[in-house]
A.B. asks: 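Here's a structure for you.
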Amino acid sequence: SLRRTTTFRFLALCLTGASLLAACSDSTTAPGTSDPAPSAQVTPVLTGQLSGAGTAGVDLLSGNTVLASAPTDVAGKFTLTLPSADSLAPVKKSLATGLLTDLGCTGTLTLGDTSAQGFGFGTLSAGGGKTYGDLNVERGAISRTVRGRAYLYADRPTTLSGPLNCQGATGYPTTVQVSVSAAAGWNVLNVRITGGLTLGGIVVNGTAGNGAAAPGSVWTGVEELKAQLR
């Protein structure tokens with residue numbers, strides 16, 4: 001139908017940029033519900049598997065700078081040690097404006113500690129410049145929900161709260177509500193973005209909160225994710 005076709009086209013747009021893949025991650029309880037938010041989980045090492053990839057290796061990038069890298073085996077499995085505080089010193093920025101920026105999100109968050117700085121990512125690069133995100137797609141009749149994990153380094157404990165404007169990631173008005181309690185070090189974030197048709201048109205919303213690591217999770221390429229949405 002026309003409505004279903006429109007939704008599919010919208011979600012394909014959501015995944016055209018590698019940065020959105022970073023944004024689309026495993027959901028947690030949405031801010032404002034009665035369930036308590038999970039506490040921060042710090043993980044200095046990621047283990048995963050690149051879907052459909054061989055021995056390309058993986059890189060964590062900040063612009064053209066390689067912050068960390070790891071080999072992959074013939075099945076695409078990798079173990080990546082995340083960069084240290086010293087390695088991140090040249091690239092970290094205020095967490096008030098530095099969260100999910102690789103998703104195309106903008107906005108100023110409220111920090112519990114206004115001096116907190118850090119660095120976040122949700123995608124890794126492999127051989128040939130291909131980009132992978134740690135996510136999965138849930139299919140509804142006229143909707144799609146993309147979930148996965150993103151990662152945040154904080155140089156000190158702090159809370160982050162407030163809305164981000166992620167229209168740059170989706171191409172549609174999109175507000176991601178952030179409610180994160182970060183520990184010092186590398187934190188796991190869950191981010192969820194859902195799009196669907198309503199009587200008022202296409203509606204896109206998201207949440208970002210504390211999450212849990214998923215050792216050995218499958219990281220899927222951008223093109224493969226697009227194919228899942230057709």
Side-chain angles (χ1 to χ4, degrees), residues 13-25 42-48 50-51 53 55-72 76 78-109 111 115-135 146 148-156 158 160 164-171 174 176 178 180 182 184-189 191 193 206 208 211 219-226:
L13 284 173
C14 284
L15 291 174
T16 39
S19 59
L20 181 60
L21 297 181
C24 300
S25 42
V42 179
T43 177
V45 177
L46 294 183
T47 62
L50 302 183
S51 175
T55 55
V58 293
D59 295 317
L60 170 59
L61 302 178
S62 174
N64 294 323
T65 301
V66 178
L67 298 177
S69 61
T72 53
F78 64 88
T79 298
L80 179 70
T81 300
L82 296 177
S84 65
D86 289 343
S87 298
L88 291 170
V91 299
K92 70 180 182 179
K93 60 179 65 176
S94 171
L95 291 179
T97 57
L99 185 65
L100 305 184
T101 53
D102 60 343
L103 311 175
C105 298
T106 61
T108 301
L109 299 175
L111 301 182
S115 63
Q117 294 187 320
F119 174 82
F121 75 95
T123 59
L124 296 173
S125 295
K130 188 173 181 180
T131 305
Y132 291 81
D134 183 5
L135 62 91
V146 189
R149 279 153 296 278
Y151 302 90
L152 172 71
Y153 174 82
D155 64 1
R156 65 201 65 195
T158 189
L160 303 86
L164 292 178
N165 178 359
C166 295
Q167 182 169 352
T170 67
T174 303
V176 171
V178 176
V180 172
W186 281 103
N187 296 261
V188 183
L189 301 185
V191 183
I193 295 180
W219 291 62
T220 309
V222 174
E223 295 305 318
E224 184 178 345
L225 288 164
K226 287 185 188 178

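All values derive from a computational prediction rather than experimental measurement.
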A.B. asks: Where do R156 and A184 come nearest, in terms of heavy atoms and distance?
C.D. replies: CA-CB, 3.9 Å
A.B. asks: Looking only at non-hydrogen atoms, find the nearest pair between A70 and T79 and report the distance.
C.D. replies: CB-O, 3.2 Å
A.B. asks: With rounding to the nearest 0.5 Å, note down the distance linking CG in L50 to CG in D134.
C.D. replies: 10.5 Å
A.B. asks: For F121 and Y151, I'd like to know if the aromatic rings sit close, meaning centre-to-centre distance below 6.0 Å.
C.D. replies: yes
A.B. asks: Would you say the side-chain atoms of S87 and S84 include a donor-acceptor pair closer than 3.5 Å?
C.D. replies: yes
A.B. asks: Considering all heavy atoms of both residues, which atom of R149 and which atom of V188 are nearest to each other, and what is their separation?
C.D. replies: CG-CG1, 4.0 Å
A.B. asks: Can you measure from CZ (F78) to CG (L46) and round to the nearest 0.5 angstrom?
C.D. replies: 6.5 Å
A.B. asks: Measure the NZ-CG distance between K93 and L88 for me, rounded to the nearest 0.5 Å.
C.D. replies: 12.5 Å
A.B. asks: Please step through side chain to side chain contact (heavy atoms under 4.5 Å, CB included) for the pair L67 and L61, ending with a clear verdict.
C.D. replies: CA-CA 6 Å; L67 298 177; L61 302 178; over 6 Å; no
A.B. asks: Identify the heavy atoms of A116 and T158 that sit nearest to each other, and give their distance.
C.D. replies: CB-CG2, 3.7 Å
A.B. asks: Could you go through the side chain to side chain contact (heavy atoms under 4.5 Å, CB included) check for D59 and L124 one step at a time?
C.D. replies: CA-CA 6 Å; D59 295 317; L124 296 173; over 6 Å; no
A.B. asks: CG of N187 to CG of L160: how many Å apart, nearest 0.5 Å?
C.D. replies: 9.0 Å
A.B. asks: Report yes or no: does D155 contribute a side-chain atom to a donor-acceptor pair with the main-chain N or O of Y153 at less than 3.5 Å?
C.D. replies: no
A.B. asks: Compare all side-chain heavy atoms of S62 with those of F119 and state whether any distance is below 4.5 angstrom.
C.D. replies: yes
A.B. asks: Within the structure provided, determine whether L109 and T97 are in side-chain contact (heavy-atom separation under 4.5 Å).
C.D. replies: no
A.B. asks: Which heavy atom of W219 sits nearest to which heavy atom of G122, and what is that distance?
C.D. replies: CZ3-O, 3.7 Å
A.B. asks: Could you grab the distance from atom OG1 of T106 to atom CG of L99, nearest 0.5 Å is fine?
C.D. replies: 12.0 Å
A.B. asks: Is there a side chain to side chain contact (heavy atoms under 4.5 Å, CB included) between T174 and N165 once you walk through the steps?
C.D. replies: CA-CA 6 Å; T174 303; N165 178 359; 5.7 Å; no
A.B. asks: Side chain to side chain contact (heavy atoms under 4.5 Å, CB included) for K130 and S125? Distances and angles first, verdict last.
C.D. replies: CA-CA 6 Å; K130 188 173 181 180; S125 295; over 6 Å; no
A.B. asks: Treating W186 as the side-chain partner and V45 as the backbone partner, does any N or O pair qualify as donor plus acceptor under 3.5 Å?
C.D. replies: no
A.B. asks: Do you know the tightest heavy-atom contact between L60 and P83?
C.D. replies: CD2-CD, 3.7 Å
